[in-house]
Amino acid sequence: MVDQKKIEEAVSLLLEGIGEDIHREGLAGTPERIGRMYQEIFGGMEEDAGTHLATQFQVENNEMVLERDIVFYSMCEHHLLPFYGKAHVAYIPDGKVTGLSKLARTVEVFARRPQIQERMTAQIADAVMEHLAPKGVMVYVEAEHMCMTMRGVKKPGSTTATVVTRGIFTEDPGLQNRFFRMLGNHGTNR
């Protein structure tokens with residue numbers, strides 16, 4: 001559970017540490033605002049993706065289901081700076097599907113934690129495999145990382161792509177190619 005009081009104390013110390021006057025007008029409420037904001041952006045710490053993926057429907061169709069362009073915002077655990085982008089999640093049902101919004105909620109659960117993109121991509125795929133038991137899952141995430149664009153190497157506009165396959169997606173390059181074709185201009189030039 002997010003401890004707003006500790007966050008407020010830490011933000012006050014941080015501001016003092018960089019030489020700011022925490023009592024000046026513009027900063028007077030900043031620790032409280034940051035505390036409330038962190039409750040929201042780290043809300044995935046207290047959520048279980050299985051809760052969302054429990055909504056399931058029986059189907060006879062076992063063709064690929066793809067939800068693309070799921071916008072997310074997350075925080076890099078190394079620098080506590082945002083990274084943001086889009087996730088594309090596909091699975092081959094094995095007799096059951098979930099509501100489309102549940103895939104987006106699954107992405108949100110993992111994005112709203114201190115995170116690295118590589119782990120988040122795998123967590124999304126693993127949650128879908130565990131809770132839907134499909135024949136396979138493929139997740140492609142592309143994001144811009146503020147820890148790389150506003151500090152360090154300073155390369156705005158550069159993006160990082162990660163991909164994770166599970167089940168039959170791992171074994172079938174044709175399915176992977178179909179996934180990228182369905183993404184169109186959203187993925188690689190495959």
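This is a predicted model, so every value here is computed, not measured. Along the sequence shown, residues are numbered consecutively beginning with 1.
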Is there a side-chain contact between [X] and [Y] in this structure, where contact means two heavy atoms from C-beta onward sitting under 4.5 Å apart?
X: Leu132; Y: Tyr91; answer: yes
X: Ile92; Y: Phe169; answer: yes
X: Glu9; Y: Leu13; answer: no
X: Val65; Y: Pro93; answer: yes
X: Leu66; Y: Leu183; answer: yes
X: His52; Y: Val109; answer: yes
X: Val163; Y: Thr121; answer: no
X: Met138; Y: Val164; answer: no

Considering non-hydrogen atoms only, spot the tightest contact between [X] and [Y] and give its length.
X: Glu144; Y: Gly157; answer: OE2-N, 3.2 Å
X: Ser158; Y: Met148; answer: OG-CE, 3.1 Å
X: Glu46; Y: Val2; answer: OE2-N, 3.1 Å
X: Ala87; Y: Val141; answer: CB-CG2, 4.0 Å
X: Pro114; Y: Arg119; answer: O-NH1, 4.0 Å
X: Gly95; Y: Asn62; answer: N-OD1, 3.3 Å

State yes or no: do [X] and [Y] share one hydrophobic cluster built from I, L, V, M, F, W and Y residues joined by side-chain heavy-atom distances below 4.5 Å, directly or via other members?
X: Ile41; Y: Phe83; answer: no
X: Phe57; Y: Val89; answer: yes
X: Val128; Y: Ile70; answer: yes
X: Met150; Y: Ile18; answer: no

For this session: Please determine if Arg24 and Glu20 form a salt bridge, counting it only when a charged side-chain N lies under 4.0 Å from a carboxylate O.
Result: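 Salt bridge: yes.
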
Exercise. Between Arg105 and Glu47, is there a salt bridge with N-O shorter than 4.0 Å?
Worked result: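 The answer is no: the pair does not qualify as a salt bridge.
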
Report yes or no: does [X] contribute a side-chain atom to a donor-acceptor pair with the main-chain N or O of [Y] at less than 3.5 Å?
X: Arg166; Y: Ala125; value: no
X: Glu142; Y: Ala161; value: no
X: Arg112; Y: Val107; value: no
X: Arg151; Y: Cys147; value: yes
X: Ser74; Y: Ala111; value: yes
X: Glu16; Y: Asp21; value: no
X: Glu32; Y: Lys5; value: no

Exercise. Is there a donor in the side chain of His145 and an acceptor in the side chain of Gln117, or the other way round, less than 3.5 Å apart?
Worked result: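 Side-chain D/A pair, His145 to Gln117: present.
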
Exercise. When you look at CE of Met37, are more than 12 heavy atoms from neighbouring residues, nucleotides or ligands closer to it than 6.0 Å?
Worked result: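 Correct, the count exceeds 12.
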
Exercise. Partners of Glu108 by salt bridge (charged side-chain N to carboxylate O under 4.0 Å, His left out), sequence neighbours excluded?
Worked result: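 In terms of salt bridge (charged side-chain N to carboxylate O under 4.0 Å, His left out), with neighbours along the sequence ignored, Glu108 is linked to no residue.
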
For this session: Please list, chain by chain and in numerical order, all residues satisfying salt bridge (charged side-chain N to carboxylate O under 4.0 Å, His left out) with Arg36, sequence neighbours excluded.
Result: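 Not a single residue meets the salt bridge (charged side-chain N to carboxylate O under 4.0 Å, His left out) criterion with Arg36.
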
For this session: Could you check Leu81 against Met75 for side chain to side chain contact (heavy atoms under 4.5 Å, CB included), going step by step and ending with a plain yes or no?
Result: CA-CA 5 Å; Leu81 286 171; Met75 293 287 272; 6.0 Å; no

Nearest 0.5 Å, please: how far is [atom2] in [Y] from [atom1] in [X]?
X: His23; Y: Leu27; atom1: NE2; atom2: CG; result: 10.5 Å
X: Thr30; Y: Glu8; atom1: OG1; atom2: CD; result: 11.0 Å
X: Met182; Y: Arg68; atom1: CE; atom2: CZ; result: 8.5 Å
X: Ile22; Y: Ser12; atom1: CD1; atom2: OG; result: 4.5 Å
X: Asp172; Y: Lys135; atom1: CG; atom2: NZ; result: 12.0 Å
X: Phe110; Y: Gln123; atom1: CZ; atom2: CD; result: 5.0 Å

Problem set entry | Among Val97, Val139, Thr98, side chain to side chain contact (heavy atoms under 4.5 Å, CB included) partner for Leu103 |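 Running side chain to side chain contact (heavy atoms under 4.5 Å, CB included) over Val97, Val139, Thr98 with Leu103 returns exactly one hit, Thr98.
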
Problem set entry | Name of the residue among Phe180, Tyr140, Phe72 meeting ring pair (Phe, Tyr, Trp, His ring centres under 6.0 Å) with His88 |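 Of the listed options, the one satisfying the test is Tyr140.
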
For this session: Test Thr165 against Val137 for side chain to side chain contact (heavy atoms under 4.5 Å, CB included), laying out the working first.
Result: CA-CA 6 Å; Thr165 58; Val137 175; over 6 Å; no

